[in-house]
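Model, not experiment: these values are computed from the prediction.
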Amino acid sequence: MPDYFPTLSRVAYEGPKSKNPFAFKHYNAGEIVAGKTMTEHLRFSIVYWHTMCGQGADMFGGPTAIRPWDAGLSGLDLAKARVPAFFEIAEKLGMPYYAFHDRDVAPHGKTLRESNEWLDTIAALLKAQQERTGIKLLWGTSQLFAHARYMHGAATSCNAEVFAFAAAQVKKTLEVTHALGGEGYTFWGGREGYSTLWNTDMKRELDHLAKFLHMAVDYAKEIGFKGQFYIEPKPKEPTKHQYDSDAAACLNFLREYDLLPHLKLNLETNHATLAGHSMQHEMEVAGSAGALGSMDANTGDLLLGWDTDQFPTDIYLTTQCMLTALKYGGLTTGGVNFDAKVRRESIDPEDLFHAHIGGMDAFARGLKIAAAIRADGRLADFVKSRYASWDSGVGASIEAGKETFGSLEKLMLEKGEAAACQSGRQEFLENLINEFL
Ligand code: XLS
Ligand code: NI
Ligand code: NI
């Protein structure tokens, strides 16, 4: 059993006064907050792709990261060497869950058959590590965007055999996810979108995407996979328009194609901001449709226009996330999944620890603050009283479906003017939230 971090034992909770960078200041796994342990609320998850495959390369330069477990290896040997390193990191961080893409745990083979065999080889290693550590699989996913065959998309490709290949790939990944006890399966669009409408039959592509998702739902039933399916909105990158552009667009698509009973949303902070929304907005949209599934926890940079996938450290953001999550009953099947990567300049293996510790502590604080705001009750009371006119009189009667344009005209002709509006008190509420930070 290699030990890449011999001087580092399991990261412990030392409380807010600790100066130890390898300790949690706020995430106290077993501490009860609003009736559940922090672990149960947050369901933290570490991703394989950024943690093990992120090398710091960008459009302007190659890899920078120092990763001792990668040394001199390539192909399947490299894939094998990464598994124990990943679980050492996950275990030392006390992560209850992880997530992977098929082609980041195992490489592309020359044929589908070879890729499947390699995935099986690695899945056996993942399984052994899951059993050794007790770390569980939050969700699996297929990587349907890196290979050249997916240049026009996968399920939305103009090439029917690419659709078929993608179907075969997802079939296999579903089997592996199921065998590893995965609690979910995520579809992120990858290249399901377009670069130009001049060459695109949008209606046909969307029909195909829906067919693809229905086939996945059917196959999950066939093999007895009961995990939750998620679709992950993102507006752009790599294509200029991704079909799963934001929560509202995803919900509309799922409804139109009768998929809403089968999929929930996996919302990612940086995707929300790329779509011109806040994460809180996206969570509200999903939550109010009963489709709040999971979170890809990261953050963007307001000064950069792409998916920078930074670790979340902003307490205001994590408070908003946890407040909205708690409002809709918390994360049940999903989790706080760190779809985040260290910066290109953060080259040391230990930076992976600083990054995750910071993200976990930021979410733990967000959770405690959100729980305190809820226990205090003033925010919820304010919102409730703001709508008091709907609790009785004409408001209650409209909500009960008892009024018409005619009856409302009669009422307003009698009254002559509507009741006076009250202040929205935005600044008062912003100050109230700050009391808890
Ligand atoms: C990319 C997505 C991706 C999904 C999984 O922007 O966030 O990482 O979460 O395919
Ligand atoms: Ni993501
Ligand atoms: Ni992303």
Is there a side-chain contact between [X] and [Y], using heavy atoms and a 4.5 Å cut-off?
X      : Y      : answer
Arg67  : Thr51  : no
Glu31  : Thr37  : no
Lys80  : Leu125 : yes
Ile122 : Trp118 : no
Gln426 : Leu429 : no
Met95  : Phe338 : yes
His26  : Met360 : no
Phe187 : Val170 : yes

How about [X] and [Y]: are their ring centroids closer than 6.0 Å?
X      : Y      : result
Trp139 : Tyr97  : no
Tyr98  : Tyr48  : no
His262 : Phe229 : no
Tyr27  : Phe363 : no
Phe253 : Tyr243 : no
Tyr219 : Phe225 : no
Phe163 : Phe212 : yes
Phe100 : Trp49  : no

Looking only at heavy atoms, which two atoms of [X] and [Y] are closest? And how far apart?
X      : Y      : answer
Pro96  : Arg43  : CG-C, 4.3 Å
Ala23  : Asp361 : O-OD2, 4.2 Å
Lys264 : Gly293 : CB-CA, 3.9 Å
Thr308 : Lys341 : O-CE, 3.8 Å
Ala289 : Leu251 : CB-CD1, 3.7 Å
Pro21  : Ile357 : O-CD1, 3.7 Å

Before you tell me yes or no, could you show the steps for Tyr230 and Trp188 under ring-ring contact (aromatic ring centres under 6.0 Å, His included), namely the whole-Å CA-CA distance, both residues' side-chain angles and the distance that decides it to 0.1 Å? CA-CA 8 Å; Tyr230 305 105; Trp188 165 60; over 10 Å; no

Any ion pair linking [Y] and [X] (charged N to carboxylate O, less than 4.0 Å)?
X      : Y      : result
Glu88  : Lys92  : yes
Arg378 : Glu435 : yes
Asp207 : Lys203 : yes
Asp102 : Lys172 : no
Glu161 : Arg149 : no

Is a side-chain N or O of [X] found less than 3.5 angstrom from the main chain of [Y], in a donor-acceptor match?
X      : Y      : result
Thr200 : Met202 : no
Ser45  : Val336 : no
Arg191 : Phe145 : yes
Thr141 : Thr186 : yes
Thr64  : Arg344 : yes
His271 : Pro233 : yes
Tyr150 : Gly190 : no
Asp309 : Thr299 : no
Glu192 : Thr156 : yes
Thr324 : Gln320 : yes

Of Asp244, Asp307, Asp339, which meets salt bridge (charged side-chain N to carboxylate O under 4.0 Å, His left out) against Lys234? Asp307

When rounded to the nearest 0.5 angstrom, what distance separates CE in Met52 from CD1 in Ile89? 5.0 Å

Could you walk me through whether Glu91 and Ile135 satisfy the side chain to side chain contact (heavy atoms under 4.5 Å, CB included) test, starting with their C-alpha distance in whole Å, then the side-chain angles of each, then the deciding distance to 0.1 Å, before giving a yes or no? CA-CA 7 Å; Glu91 192 181 21; Ile135 296 172; 4.3 Å; yes

Any side-chain donor-acceptor pair under 3.5 Å between Gln310 and Asn270? no

What's the verdict on side-chain hydrogen bond (donor to acceptor under 3.5 Å, both in side chains) for Gln242 and Thr239, showing C-alpha distance, side-chain angles and the deciding distance? CA-CA 6 Å; Gln242 307 268 123; Thr239 70; 2.7 Å; yes

Report yes or no: is the cationic atom of Arg425 (NZ for Lys, CZ for Arg) under 6.0 Å from the centre of the six-membered ring of Phe382, at an angle within 45° of the ring normal? no

Under the side-chain hydrogen bond (donor to acceptor under 3.5 Å, both in side chains) rule, what do Glu268 and Asn298 come out as? Steps first, then yes or no, please. CA-CA 7 Å; Glu268 179 165 321; Asn298 63 17; 2.8 Å; yes

Ring-plane angle category for Phe311 and His356, please: parallel below 30°, perpendicular beyond 60°, tilted otherwise. perpendicular

